[in-house]
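Along the sequence shown, the residues carry numbers beginning at 1.
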Amino acid sequence: MTEDDFDWLSTSPLGEAACVTMVKTTDVDAVVRGFGGMAGEARTVSFAEAGDELGQAYAVAVCRRGEYVVAVETNGFQGSRPEVLRRVSRLGETVSAFWNVEALTRFSYAADGRIKTAFEAGAGSAKDGEDPDCLAPLVAEIDWEAGHRRTGLLLLAARVTGQPFSEDWLSGEVLVAPIAEHLEDVHPVTPGFESLEYRHPVLAAALHRAGDEPLLAVARAAVGEVAASAGVPSGDVEFDELIRMARYEAGWSGYGGHASDADRLRLVALDAIRALRTAPNPLTAAFKTIDAAELAQQLDRRDPAPMLAGFLDLLGNPPAPSGADGARAGTGGPLERHAWITDHWLGLAASITYARSAPLDTVAAAFGAIPFGAGPVSLTDTEQVALRRENDWTIAIAFNRSPFAHRVVDTLRPHTTVLNIGWETRGNKLAYYARPGHDVAVIRPGQGDVPAPLAPFTTSLPAPAGNAAPWLLALGEAVTGIAFTPEGLDAHHTLLRPG
């Protein structure tokens, strides 16, 4: 079989967005349950008649074709979720092909309740799973160029199963069921990618440094803030099933959409209790339950600040990270000398501006900020900029990547040479550089060509590797001649806050 066997796809109801899952079993009802389908509300209709229901994100059409049960979602993605794939693959070998209108894709292969491999369509895509390269020879035979990826996904599914998805599969009767989706896994905290680290960085830093018992104390307190609203029945209950059905009853949009405030608050409370019960470690339990408790306070139109202060109190009110915080600059090449930033508290997100021969008050005015004190650079929950002079440069340091860095550069560049470097672990890493009378040059490490004004400074730098922050600091040293060291963060700085 070839890609030509799937030419029909572009003009079919699956052309723009679909998830096709094939399970090697004869048990249609078990596949419906594996998807979280509501069997009591299922009905048998033609695929054409099922269109309106399948247009919703949480409905699935299921039918038996040969040795496989096929589940089709025309605007859904449940078949691409590990929580579903683990369930249905216990019935038999499973493949899933997902694509949508935003060009997102996913191919998954599972067996015996385990995800063997899962990846985006493309020859060089990163692969997840217990045996990521188990389909490598078959994947290598597929044309993954743009415009061929959707048909490529179905071709790969056909070669894995030996049973191609054909257009006539859409002409028969299917069992259509609304879905009460299975609960998502509670994944371990990923440092640098948790929203709490950016909303409340001081609390997040304290959590990262706390022991298991204080973390569990915080998690229990967070649950206590919302549990009274949960309406959880006493005794031994199927807790995941309770939450799943509560979400289904509130509507597919869960916390949003048309659910009442009372329904949303109950769902938040249930999620917090589940996180405490099922989190893989105390740190994850604390992060997830705090997120839920803060959302509950917002739904209840209460200020979460006193609650968050209480959590810090349970952790012993540790001082916020400040200055070098025990870090030491490395030796060797430019990247090695600045590698310390990777594990430093400032490595999460920062904006550093260098302005040549610029007075402190000029730089402060560019930030629209006013001085309020002096000290080392410290982690804060509020906007703050720390200024110091070094050699012929004024350096401005701010935790978090400033969304207005380009405005600061535009304000300063008529008067002086200015460089801004910035990064956010979960977002952009880039630098702005300008001299008086010249346009602003922008560089994203490892992406595209180096702008001509920055080329003389990058020729001596190795290619960016992994974390871009050390490379950006090395660029700062190449432009200014100043090494950005952890000890420099302990120096006297003029501290600014927005005016």
Report the C-alpha separation of Leu196 and Leu207 in whole Å, then their side-chain angles, then the decisive distance to 0.1 Å, and conclude whether the side-chain contact (heavy atoms from CB on, under 4.5 Å) test is met. CA-CA 10 Å; Leu196 186 68; Leu207 293 171; 3.8 Å; yes
With side-chain contact (heavy atoms from CB on, under 4.5 Å) as the test, would you mind laying out the steps for Ile397 and Leu346 before giving the verdict? CA-CA 10 Å; Ile397 305 165; Leu346 201 58; 4.1 Å; yes
Verify side-chain contact (heavy atoms from CB on, under 4.5 Å) between Ile395 and Ile482, making sure each step is shown before the conclusion. CA-CA 10 Å; Ile395 304 175; Ile482 299 171; 4.2 Å; yes
Can you check side-chain contact (heavy atoms from CB on, under 4.5 Å) on Thr117 and Asp133, steps first, answer last? CA-CA 7 Å; Thr117 187; Asp133 294 320; over 6 Å; no
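With 3.5 Å as the limit, one finds no donor-acceptor pair spanning the side chains of Thr278 and Arg274. In summary, the side chains of Glu93 and Tyr109 do present a donor paired with an acceptor at a separation below 3.5 Å, with no hydrogens or angles considered.
In this structure, the separation between CZ on Arg87 and CZ on Phe35 is 12.0 Å, given to the nearest 0.5 Å. With rounding to the nearest 0.5 Å, the separation of OG in Ser322 from CG in Asp490 is 7.0 Å. The structure places CD of Gln297 at 9.5 Å from CG of Leu265, a figure rounded to the nearest 0.5 Å. Summarising the geometry, atom OG1 belonging to Thr105 is positioned 4.5 Å from atom CD belonging to Glu120; distances are rounded to the nearest 0.5 Å. The OG1 atom of Thr289 sits 7.0 Å away from atom CZ of Phe311, with the distance rounded to the nearest 0.5 Å. To the nearest 0.5 Å, atoms CG (Leu299) and CD (Glu294) are separated by 11.0 Å.
No donor-acceptor distance shorter than 3.5 angstrom exists from the side chain of Arg426 to the backbone of Gly192, with no hydrogens or angles considered. Under a 3.5 Å cut-off, the side chain of Arg388 and the backbone N or O of Gly488 do form a donor-acceptor pair. The backbone N or O of Gly36 lies less than 3.5 Å from a partner atom in the side chain of His182, making a donor-acceptor pair. A donor-acceptor distance shorter than 3.5 angstrom exists from the side chain of His344 to the backbone of Gly323, with no hydrogens or angles considered. With hydrogens and angles ignored, the 3.5 Å screen pairs a side-chain donor or acceptor of Arg337 with a backbone N or O of Gly332. Judged purely by atom type and a 3.5 angstrom limit, Glu477 has no side-chain atom pairing as donor or acceptor with the backbone of Pro334. Between the side chain of His200 and the backbone N or O of Asp381, no donor-acceptor pair lies under 3.5 Å. Checking side-chain atoms of Arg81 against main-chain N and O of Glu181 turns up no donor-acceptor pair under 3.5 Å. Remark: the backbone N or O of Asn420 is not paired with any side-chain donor or acceptor of Thr353 at under 3.5 angstrom. No side-chain donor-acceptor contact under 3.5 Å links Glu225 to the backbone of Ala221.
The nearest pair of heavy atoms linking Val226 to Ala293 is CG1-CA, 3.9 Å. Here the closest heavy-atom approach between residue Glu487 and residue Ala327 is recorded as OE2-O, 4.3 Å. Scanning both residues, Gly446 and Pro464, for their nearest heavy atoms gives N-CG, 3.6 Å.
Using cut-offs of 30° and 60° on the angle between ring planes, the pair His406 and Tyr432 is tilted. Between Trp345 and Phe399, the ring planes lie tilted relative to each other; the angle falls in the 30° to 60° range.
Between Asn467 and Trp423, the closest side-chain pair of non-hydrogen atoms is not below 4.5 Å. Side-chain contact between Val31 and Tyr68: absent, with no pair of heavy atoms (C-beta onward) separated by less than 4.5 Å. In this structure the side chain of Phe77 never reaches within 4.5 angstrom of the side chain of Trp99, judged on heavy atoms. Contact of the Gln78 side chain with the Tyr58 side chain is registered, since non-hydrogen atoms from C-beta on lie closer than 4.5 Å. Taking 4.5 Å as the limit, every side-chain heavy atom of Val69 sits out of range of all side-chain heavy atoms of Leu91. Using a 4.5 Å cut-off on side-chain heavy atoms (C-beta onward), Asn100 and Phe98 make contact. Looking only at side-chain heavy atoms (C-beta outward), Leu472 and Ile352 stay at 4.5 Å or farther from each other. Side-chain contact check for Pro191 versus His208: some heavy-atom pair is nearer than 4.5 Å.
For Ser89, the side chain to side chain contact (heavy atoms under 4.5 Å, CB included) partners two or more places apart in sequence, or in a different chain, are Thr94, Ala110.
No more than 12 heavy atoms of other residues, nucleotides or ligands lie within 6.0 Å of CD in Glu16, so this atom counts as exposed by the packing criterion. Annotation: Glu102, atom CD; neighbour count of heavy atoms from other residues, nucleotides and ligands within 6.0 Å does not exceed 12. Within 6.0 Å of CD in Glu336 there are more than 12 heavy atoms belonging to other residues, nucleotides or ligands. The environment of CG in Asp112 is sparse: at most 12 heavy-atom neighbours from other residues, nucleotides or ligands sit within 6.0 Å.
Of the residues listed (Leu14, Val20, Val60), the one engaging Thr74 in a side-chain contact (heavy atoms from CB on, under 4.5 Å) is Leu14, and it is the only one.
Note on Glu424 versus Lys429: no salt bridge recorded, every NZ/NE/NH1/NH2 to OD/OE distance being 4.0 Å or above.
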